[in-house]
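One structure below.
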Amino acid sequence: WLAKRLQRKPAEESAEADARPAPDKVDQEIQALAAKLLADPDWEGGIQWLVDYGPRAVPALLPFLKHGDRQVRWEVLRALAVFDAREAAPSVRALLKDSDESTQMWAAMLLDDWGEIKTVDDVRALLNHPNDLLKNMGIQAVVKGKLREALPELWKLVEHDTIFLHAIEA
């Protein structure tokens, strides 16, 4: 089945759905597909094939959050959002320090949606980010009372910024 799936054509997809393997083999197939993708990271469309397995593929998707191509990281973040895979929060949290700003933004928005901006380090990363949207997420985490211990960091940030100061006072 896996060999057929790797060579599938869109027209064959509906007939293929009826021939899916038993659930006990699915995890093996997911791992085999993930191993193939890790061995050949430029394999076009491969991440989507993992995503097609649904939430069950989340553990196999996590290593791709470290992939060198930001597009791959975005696809995985999008899948984690769709699957509401909150168990992936520690792996997503690491992307707050990603080299790509848009990946940082996607990660922060996902963590915020999940209510997973919970540590002073999370808030510090957001408050010190050059992007105002991410700074605002950090401010909101503090203002909502989640992380009062991050207030000194927040005060340093807004010391000379009256817009943020007014937001905090509100």
Side-chain angles (χ1 to χ4, degrees), residues 1-131 133-135 137-138 140-141 146-147:
W1 183 83
L2 182 59
K4 282 177 68 178
R5 178 142 174 99
L6 297 176
Q7 298 171 0
R8 76 178 182 187
K9 295 178 183 141
E12 298 172 349
E13 211 165 316
S14 62
E16 189 177 311
D18 297 332
R20 295 211 187 267
D24 59 340
K25 293 183 180 182
V26 172
D27 289 331
Q28 292 172 347
E29 291 177 2
I30 290 171
Q31 292 307 314
L33 182 56
K36 180 166 179 56
L37 285 168
L38 286 169
D40 183 7
D42 296 324
W43 190 36
E44 190 174 324
I47 293 295
Q48 184 57 49
W49 288 356
L50 269 177
V51 170
D52 287 347
Y53 280 97
R56 196 171 193 162
V58 167
L61 287 167
L62 295 181
F64 294 97
L65 288 174
K66 296 178 183 177
H67 195 276
D69 182 351
R70 72 179 181 175
Q71 195 68 35
V72 170
R73 294 190 306 271
W74 291 352
E75 286 180 49
V76 173
L77 286 170
R78 191 170 30 252
L80 296 175
V82 169
F83 301 151
D84 196 26
R86 295 167 192 254
E87 70 274 15
S91 298
V92 173
R93 184 171 283 110
L95 293 178
L96 291 175
K97 297 176 183 170
D98 194 88
S99 60
D100 176 60
E101 185 176 324
S102 37
T103 300
Q104 294 170 0
M105 288 183 60
W106 279 101
M109 288 187 289
L110 187 54
L111 290 170
D112 189 47
D113 285 348
W114 289 342
E116 289 290 335
I117 297 176
K118 294 182 175 181
T119 69
V120 174
D121 287 339
D122 294 345
V123 172
R124 186 174 291 122
L126 296 173
L127 291 176
N128 291 313
H129 200 279
N131 183 289
L133 175 65
L134 295 181
K135 281 182 187 177
M137 282 184 194
Q140 291 304 315
K146 294 179 187 173
L147 294 164

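Heads up: numbering here begins at 1 and tracks the sequence. For clarity, every value in this text was computed on a predicted model and none was experimentally measured. Scope of the values below: all heavy atoms of this structure, side chains included, with no hydrogens, waters or symmetry mates.
- Smallest separation of non-hydrogen atoms from L50 and A57: O-CB, 3.3 Å.
- The residue from L33, L61, D27 that alone fulfils the side chain to side chain contact (heavy atoms under 4.5 Å, CB included) condition with Y53 is L33.
- Rounding to the nearest 0.5 Å gives a distance of 9.0 Å between CD of Q104 and CG of L95.
- Salt bridge absent: E116 and R86 never bring a charged side-chain N and a carboxylate O closer than 4.0 Å.
- Of the possible donor and acceptor atoms, one in the side chain of R73 sits under 3.5 Å from a partner among the backbone N and O of H67.
- W114 CH2 to R93 CZ: the interatomic distance, rounded to the nearest 0.5 Å, is 10.0 Å.
- The two residues Q31 and A60 have their closest heavy-atom pair at NE2-CB, 4.0 Å.
- By the side-chain contact (heavy atoms from CB on, under 4.5 Å) test, S91 pairs with L62, L65, sequence neighbours left out.
- Here the side chains of N131 and M105 are in contact, with some heavy-atom distance below 4.5 Å.
- If you check the side chains of D52 and Q48, you find a donor sitting under 3.5 Å from an acceptor.
- The CG atom of D113 sits 12.5 Å away from the CG atom of L80 when rounded to the nearest 0.5 Å.
- Closest approach of A89 and L111 over heavy atoms only: O-CD2, 3.8 Å.
- Nearest approach of V58 to A85, heavy atoms of both residues: CG2-CB, 3.8 Å.
- Side-chain atoms of W106 and V92, non-hydrogen and from C-beta on, never get closer than 4.5 Å to each other.
- For the atom pair CG (L110) and CG (D84), the distance works out to 8.5 Å, reported to the nearest 0.5 Å.
- Note that the CE atom of M137 and the CG atom of D122 stand 12.0 Å from one another [nearest 0.5 Å].
- Here the CD-CG distance, from Q71 to D100, works out to 10.0 Å after rounding to the nearest 0.5 Å.
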